[in-house]
Amino acid sequence: MTITFKEYQELAARTAGAGNHDQQLRLAIAGLGLTGEAGEVAEKIKKHVGHGHPLDRENLLKELGDVLWYVAELCTVSELNMAEVAQHNVDKLKRRYPEGFSQSASLNRVEE
């Protein structure tokens with residue numbers, strides 16, 4: 001089964017405990033949570049690349065899911081739609097790299 005960003009965002013919001021916190025605190029918790037979970041992903045990759053540990057794909061799946069949950073919560077508390085965020089990012093990348101990524105295009109790109 002595949003779900004849409006909209007469905008995911010709605011399902012993730014069910015577990016946010018939004019009624020227990022004001023918007024500013026929700027924003028802070030989501031931002032800090034995202035940073036923490038992204039750090040856990042980075043740690044798994046560092047141990048794989050730098051220390052020779054096998055890449056635990058199952059654990060990576062779990063940690064990336066936690067990252068995605070915090071992205072959804074940040075979108076919800078900021079009144080953003082995850083699908084629109086994804087589309088905006090794709091549109092930006094198409095403008096930045098119309099022929100696809102290249103080192104030359106990256107080095108010579110103009111900041112938006």
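Source: prediction; values computed, not measured.
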Nearest atoms (heavy-atom pairs only) where Phe5 meets Ala86: CE1-CB, 3.5 Å
Sub-3.5 Å donor-acceptor pair from the side chain of Thr35 to the main-chain atoms of Gly31, do we have one? yes
Are side-chain heavy atoms of Glu58 and Lys62 found at a separation under 4.5 Å? no
Do other residues, nucleotides or ligands put more than 12 heavy atoms under 6.0 Å from His53 NE2? yes
What's the separation between atom CE in Met82 and atom CD in Gln87, rounded to the nearest 0.5 Å? 13.5 Å
Under 4.5 Å between side-chain heavy atoms, counting indirect links through other Ile/Leu/Val/Met/Phe/Trp/Tyr residues: same cluster for Val41 and Leu55 or not? yes
Has the side chain of Thr15 got a donor or acceptor atom that lies under 3.5 Å from a matching backbone atom of Ala12? yes
What's the separation between atom CD in Glu99 and atom OG in Ser104, rounded to the nearest 0.5 Å? 12.0 Å
Min side-chain heavy-atom separation Asn81-Cys75 under 4.5 Å: no
Kindly indicate whether the side chain of His48, heavy atoms from C-beta on, has any atom under 4.5 Å from the side chain of Pro54. no
Apply side-chain contact (heavy atoms from CB on, under 4.5 Å) to Asn89 and Val85, showing your working. CA-CA 6 Å; Asn89 184 253; Val85 171; 5.7 Å; no
How close do Gln9 and Leu80 get, counting heavy atoms only, and between which atoms? NE2-O, 2.9 Å
Which is it for Leu68 and Tyr8 under the side-chain contact (heavy atoms from CB on, under 4.5 Å) test, yes or no, and what are the steps along the way? CA-CA 9 Å; Leu68 189 61; Tyr8 181 84; 3.7 Å; yes
Would a 4.5 Å heavy-atom cut-off, applied to side chains only, mark Leu61 and Glu63 as touching? no
Test Thr4 against Glu7 for side-chain contact (heavy atoms from CB on, under 4.5 Å), laying out the working first. CA-CA 5 Å; Thr4 66; Glu7 291 167 328; 3.3 Å; yes
In terms of side-chain geometry, is the basic nitrogen of Lys6 or Glu10 positioned less than 4.0 Å from the acidic oxygen of its partner? yes
How far apart are the closest heavy atoms of Ser106 and Phe101, and which atoms are they? CB-CE1, 3.5 Å
To the closest 0.5 Å, what do you measure between CD (Gln23) and OG1 (Thr76)? 10.0 Å
List the steps and the verdict of side-chain contact (heavy atoms from CB on, under 4.5 Å) for Asp56 and Lys44. CA-CA 8 Å; Asp56 183 344; Lys44 305 290 182 215; over 6 Å; no
Does Leu25 belong to the same Ile/Leu/Val/Met/Phe/Trp/Tyr cluster as Leu34, with side-chain heavy atoms less than 4.5 Å apart forming each link? no
If you measure from CG on Leu32 to CD on Glu37, what distance do you get to the nearest 0.5 Å? 12.0 Å
Could you report the tightest heavy-atom contact between Tyr70 and Ile29, atom names first, then the distance? CE2-O, 3.9 Å
